[in-house]
*Asks:* 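Mind having a look at this structure? Questions to follow.
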Amino acid sequence: MNNSSSTTDTPLPPHHDRSAVSGKAVRPGDRIFLGLSRGSGIALLAIMAAIAVFLTYRSVLAISGDKADFFTTLDWNATGTEPKFGIAVLAFGTLVSSLIAMLIAVPIAVGIALFISHYAPRKLSSPLGYVIDLLAAVPSIIYGLWGALFLVPHLSGLYSWFDDYLGWTGILSYGGGAARSLFTVGILLAIMILPIVTSVSREVFLQVPKMHEEAALALGATRWEVIRMSVLPFGRSGIISASMLGLGRALGETMAVATVLSPSFLINTSLLDPGGGTFAQNIASKFSEADQFGQDALIASGLVLFVITLLVNGAARLIIARRKEYSGAAA
């Protein structure tokens, strides 16, 4: 007797559902869950499409009535008889302040995450991680008030030091006055995105396979060599994702920037000079007093911020996809 045929012809139990073997969802709970999941995905795409269509429609109305170049004009006068407005100052301020925030926050956040996950004793790592997570729950306006009342008055000494030793570059020259500049905004944004980048990076580092670390230790590697050869390569994609989350908040931060920054439609050579502006800050400060056309102009600037955010996240996905096979995350 052929064993293979007997195995194939063995009847299934009376109550066995053959469709369950094929993976089809036939139970009512499975069908409901499948429908809700699919509906959630479709709803998300529909919401994103609706936002894009709304922003594009209102933006076309504004840009068609703009008497100046929308991308290069260093002015914002959307309520005049001949409306002239542009996003050059806003784009510069948004990107520069966010870049400063990333340069400050990401190395510090990765260092804190490594300390919590691999260096600190358990009695210290748990409370420290809780405090870091708690910082993410502080409202933006609280950061803004702290920045305006504490950070701005105490940065004059640092700005003077920059001027004494790095003022020759022109980028860090300081002429005195209140420290309500893009550099101050960048420092404040770095503090605000620090808990986000730290929390995500910490969780990624805790997922590193212990076999990788133990293998490195068995080969005689030091603690830093273990982190350099095992932890950081594995967590590279996670660090990039955490950084993009922080960058997303930095690009769209409103109240804290509006509270600290001294807005003006000038592109200063020095990052320490008061003035500048960002997309979110300009929309928040001008929307309530704008007429219909002025609101359309502000929405047009919001569309640019929307596109920048999509491009940044798309670039991050490409970087992660290219480096995934080398990071150890696919193992």
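We're numbering straight along the sequence, starting at 1.
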*Asks:* Looking only at side-chain N and O atoms, does Tyr174 offer a donor or acceptor that is under 3.5 Å from a partner on Ser181?
*Replies:* no

*Asks:* Distance-only, no hydrogens or angles: does the Ser270 side chain make a donor-acceptor pair with backbone N or O of Ile171 under 3.5 Å?
*Replies:* yes

*Asks:* Can you tell me if OH on Tyr119 sees more than 12 non-hydrogen neighbours from other groups inside 6.0 Å?
*Replies:*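 Yes.
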
*Asks:* Within a reach of under 6.0 Å around CD1 of Ile142, are more than 12 heavy atoms found that belong to other residues, nucleotides or ligands?
*Replies:* yes

*Asks:* Find out if a path of hydrophobic residues (ILVMFWY) with successive side-chain heavy-atom gaps under 4.5 Å connects Leu103 to Ile100.
*Replies:*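 No, Leu103 and Ile100 fall in different hydrophobic clusters.
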
*Asks:* Between atom CG of Leu166 and atom OH of Tyr159, what is the distance when rounded to the nearest 0.5 Å?
*Replies:* 13.5 Å

*Asks:* In Å, rounded to the nearest 0.5 Å, how long is the span from CG of Leu128 to CD1 of Ile112?
*Replies:* 7.0 Å

*Asks:* Membership question, hydrophobic clusters at under 4.5 Å side-chain separation (ILVMFWY): are Trp76 and Ile299 in the same one?
*Replies:* no

*Asks:* Taking the side chain as every heavy atom from C-beta outward, state whether Ile187 and Leu151 have any atom pair closer than 4.5 Å.
*Replies:*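 Yes; the side chains approach each other to less than 4.5 Å.
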
*Asks:* Over all heavy atoms of both residues, which pair between Pro153 and Ala148 is shortest? Give the atoms and the distance, please.
*Replies:* CD-O, 3.7 Å

*Asks:* Between OG of Ser262 and CG of Leu182, what distance do you get to the nearest 0.5 Å?
*Replies:* 10.5 Å

*Asks:* For the CH2 atom of Trp224 and the NE2 atom of His118, what is their distance to the nearest 0.5 Å?
*Replies:*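 Trp224 atom CH2 to His118 atom NE2 measures 12.0 Å (nearest 0.5 Å).
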
*Asks:* Is there a path from Leu303 to Tyr57 through hydrophobic residues (I, L, V, M, F, W, Y) whose side chains come within less than 4.5 Å of each other?
*Replies:* no

*Asks:* Only distances under 3.5 Å count here; give the side-chain donor-acceptor pairs of residues 238-248 to other protein atoms, sequence neighbours excluded, each with its distance to 0.1 Å.
*Replies:*
{"residue": "Ser241", "atom": "OG", "partner": "Ser237", "partner atom": "O", "Å": "3.0"}
{"residue": "Ser243", "atom": "OG", "partner": "Ile239", "partner atom": "O", "Å": "2.8"}

*Asks:* Let me confirm one number: the CD1-CZ distance from Ile193 to Arg249, rounded to the nearest 0.5 Å.
*Replies:*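 Answer rounded to 0.5 Å: 9.0 Å.
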
*Asks:* If only atom types and distance count, is the side chain of Asn268 paired as donor or acceptor with the main-chain N or O of Pro274 below 3.5 Å?
*Replies:* yes

*Asks:* Working note: Leu155 + Phe162, criterion side-chain contact (heavy atoms from CB on, under 4.5 Å); need CA distance, chi angles, decisive distance, verdict.
*Replies:* CA-CA 11 Å; Leu155 281 180; Phe162 280 149; over 6 Å; no

*Asks:* Any sub-3.5 Å donor-acceptor pair from Thr56's side-chain atoms to Val53's backbone N or O?
*Replies:* no

*Asks:* Answer with yes or no whether the hydrophobic clustering places Val138 together with Met192; edges join I, L, V, M, F, W, Y residues whose side-chain heavy atoms lie under 4.5 Å apart.
*Replies:*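 Yes; Met192 is reachable from Val138 via cluster members.
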
*Asks:* So which heavy atom on Ala284 is nearest to which on Thr254, and how close?
*Replies:*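 What the structure gives for the nearest pair is CB-CG2, 3.2 Å.
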
*Asks:* Is there a side-chain contact between Leu90 and Phe85, using heavy atoms and a 4.5 Å cut-off?
*Replies:* no

*Asks:* Determine, step by step, whether Ser97 and Val257 satisfy the side-chain contact (heavy atoms from CB on, under 4.5 Å) criterion, reporting the C-alpha distance in whole Å, the side-chain angles of both residues, the deciding distance to 0.1 Å, and the verdict.
*Replies:* CA-CA 10 Å; Ser97 60; Val257 177; over 6 Å; no

*Asks:* State, to 0.1 Å, how close Gly170 and Ser173 come at their nearest heavy-atom pair, and which atoms those are.
*Replies:* O-OG, 3.3 Å

*Asks:* Quick one: does Leu172's side chain get under 4.5 Å of Leu272's, heavy atoms only?
*Replies:* yes

*Asks:* Could you walk me through whether Leu99 and Leu95 satisfy the side-chain contact (heavy atoms from CB on, under 4.5 Å) test, starting with their C-alpha distance in whole Å, then the side-chain angles of each, then the deciding distance to 0.1 Å, before giving a yes or no?
*Replies:* CA-CA 6 Å; Leu99 179 61; Leu95 295 177; over 6 Å; no

*Asks:* Within the distance-only criterion (no hydrogens, no angle test), does the side chain of Asp66 pair as donor or acceptor with the backbone N or O of Ala68 below 3.5 angstrom?
*Replies:*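 Looks like yes, one N/O pair under 3.5 Å.
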
*Asks:* Backbone N or O of Thr259 within a donor-acceptor pair of the Arg180 side chain at under 3.5 Å?
*Replies:* yes

*Asks:* Provide the closest heavy-atom pair for Ala78 versus Ala297 in the form atom of the first, atom of the second, distance.
*Replies:*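 Here Ala78 and Ala297 meet closest at CB-CB, 3.8 Å.
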
*Asks:* Search all heavy atoms of Val208 against all heavy atoms of Phe234 and return the closest pair with its distance.
*Replies:*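 Heavy atoms only, the tightest pair is CG2-CD2, 3.5 Å.
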
*Asks:* Test your reading of the model: is there a side-chain donor-acceptor pair from Thr73 to the backbone of Asp75, 3.5 Å cut-off?
*Replies:* no

*Asks:* Any chance the side chains of Ser199 and Asp133 put a donor and an acceptor closer than 3.5 Å?
*Replies:* yes

*Asks:* For the pair Ile191 and Trp146, evaluate side-chain contact (heavy atoms from CB on, under 4.5 Å) and give the outcome as yes or no after the intermediate values.
*Replies:* CA-CA 11 Å; Ile191 297 172; Trp146 176 82; 3.7 Å; yes

*Asks:* Between Thr94 and Phe279 (side chain of the first, backbone of the second, donor and acceptor by atom type, cut-off under 3.5 Å), is there such a pair?
*Replies:*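 Judged by distance alone, yes, a pair lies under 3.5 Å.
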
*Asks:* Grab the two heavy atoms, one from Arg122 and one from Pro127, that are nearest each other, plus how far apart they are.
*Replies:*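 Minimum heavy-atom contact is O-CD, 4.3 Å.
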
*Asks:* Mind checking the CE-CG spacing from Met102 to Leu251? Nearest 0.5 Å is all I need.
*Replies:* 9.0 Å

*Asks:* Within a strict 4.5 Å, meaning less than it, do heavy atoms of the Leu194 and Leu135 side chains meet?
*Replies:*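 SC-SC contact between Leu194 and Leu135 ruled out.
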
